Number of protein chains: 2
Amino acid sequence: MVTIRNENARTRSQDFVLRENCPQRRIHYILSGKWTSMVLYALSHGTMRTGQLERTLPGVSKKMLTQTLREVEASGLVKRKVFDVVPPKVEYSLTALGETFIEPLRALYTWAENNAAALDELDRNQAQNQR
Amino acid sequence: MVTIRNENARTRSQDFVLRENCPQRRIHYILSGKWTSMVLYALSHGTMRTGQLERTLPGVSKKMLTQTLREVEASGLVKRKVFDVVPPKVEYSLTALGETFIEPLRALYTWAENNAAALDELDRNQAQNQR
DNA sequence: CCGCATCCGACATGATACTG
DNA sequence: CAGTATCATGTCGGATGCGG
């Protein structure tokens with residue numbers, strides 16, 4: 001007769017805990033932004049101007065694009081180059097750090113391409129429930 | 001003599017466009033959830049019960065934990081096993097598909113661990129600006 | 001122990017209009 | 001072309017309480 005009895009309450013200590021400031025939580029800031037990762041991905045294909053980015057990401061508003069670019073710039077992932085001409089011309093490109101970030105991101109996107117089925121389920125789920 | 005002239009307006013067509021339903025946008029649904037990726041990551045260490053997950057992710061509310069679990073379950077990334085006992089006992093674990101997703105996710109987390117500096121910048125940026 | 005329903009505040013996103 | 005400012009709004013996430 002097997003008695004479960006509390007599963008050894010404290011004896012079997014928790015293997016690991018994802019605390020408030022663990023890297024896994026902090027990187028989420030990059031991933032959570034609606035446009036952040038895609039901007040980085042777009043720039044991984046080469047330097048782009050603002051308007052170019054805008055056309056690469058249909059549906060993005062100027063406001064969000066600018067905001068996103070400021071964030072990735074502040075984090076050191078993207079470099080902003082301003083040409084002092086008229087009309088204005090600004091170029092964005094990945095920094096060395098940004099290049100390193102692209103690799104795992106690309107792996108994630110590759111997974112997404114190879115698993116459209118799972119994504120379909122997600123969409124269906126999304127439609128039914130609230131979020 | 002090199003003339004720039006409009007960058008060849010339409011001649012040099014856009015290399016690529018991240019359209020509304022591209023995989024890169026759709027996978028964002030998984031990543032954007034505040035707890036989704038961390039739940040998956042936690043489960044990559046083995047089967048866990050609800051309360052165990054709760055303790056692994058300090059700060060998560062019952063509501064969000066349940067909601068997140070329902071989502072990853074509906075998408076086929078996580079398996080839910082209910083034991084018909086009292087008090088109730090439920091175990092969550094990754095499906096085969098979930099296991100495959102963990103790999104690129106782990107790559108991303110590894111990057112995060114190796115680049116805490118960039119994450120610090122993000123935090124500072126986050127504090128100053130609104131988001 | 002596990003899960004659901006409800007209410008509610010905060011904030012990210014988007015539309016629009018304006019500047020240089 | 002690039003960017004800012006303002007306002008409207010949807011919704012995500014957390015608190016709380018109930019139920020099996």
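Since we're looking at a predicted model, the values are computed, not measured. Every chain is numbered from 1 and lettered A, B, ... according to where its sequence line falls, protein lines coming before strand lines. We use all heavy atoms of the structure for the numbers below, so side chains are in, but hydrogens, waters and symmetry mates are not.
Atom NZ in Lys89(A) sits about 11 Å away from atom C1' in dC1(D), given to the nearest Å. The separation between Glu20(B) atom CD and dG14(C) atom C1' is 13 Å, rounded to whole Å. Distance, Phe83(A) CZ to dG20(C) C1': 19 Å, rounded to whole Å. In this structure, the CE atom of Met64(B) is 17 Å from the P atom of dT16(D), given to the nearest Å. In this structure, the CZ atom of Arg55(B) is 13 Å from the C1' atom of dC2(C), given to the nearest Å. Going from atom OH of Tyr29(B) over to atom P of dC12(D) covers 8 Å, rounded to whole Å. Atom NZ in Lys63(A) sits about 9 Å away from atom C1' in dA15(C), given to the nearest Å. One atom, CZ of Arg49(B), and another, C1' of dG3(C), lie 14 Å apart when rounded to the nearest Å.
Nearer to the 5' terminus of DNA chain D, by closest-nucleotide assignment, is the contact made by Glu91(A) (compared with the other of Glu91(A) and Gly59(B)). Ranked by how close their nearest DNA chain C nucleotide is to the 5' end, Val60(A) and Pro87(A) are led by Val60(A). Mapping Val82(A) and Trp35(B) onto DNA chain D via the closest heavy atom, the residue that lands nearer the 5' end is Val82(A).
Under the ring-ring contact (aromatic ring centres under 6.0 Å, His included) criterion, Tyr109(A) pairs with Tyr41(A), not counting sequence neighbours.
Looking at the side chain of Arg70(B), the nearest of the listed nucleotides dG3(D), dC1(C), dG3(C) is dG3(C).
For the atom pair NZ (Lys81(B)) and NZ (Lys89(B)), the distance works out to 8.5 Å, reported to the nearest 0.5 Å. Leu31(A) contributes atom CG, which lies 8.5 Å from atom OG1 of Thr36(A) (distance to the nearest 0.5 angstrom). The distance from atom CG of Leu18(A) to atom CH2 of Trp35(B), rounded to the nearest 0.5 Å, is 9.5 Å. Once rounded to the nearest 0.5 Å, the distance linking OG1 of Thr50(B) with CZ of Arg80(B) reads 7.5 Å.
Close to dA2(D), at under 4.0 Å from its OP1 or OP2, lies no side-chain N or O of Arg80(A). Taking only side-chain nitrogens and oxygens, Lys62(A) never comes nearer than 4.0 Å to OP1 or OP2 of dG14(C). Close to dG3(C), at under 4.0 Å from its OP1 or OP2, lies a side-chain N or O of Thr50(B). OP1 or OP2 of dC2(C) has not a single side-chain nitrogen or oxygen of Tyr92(B) nearer than 4.0 Å.
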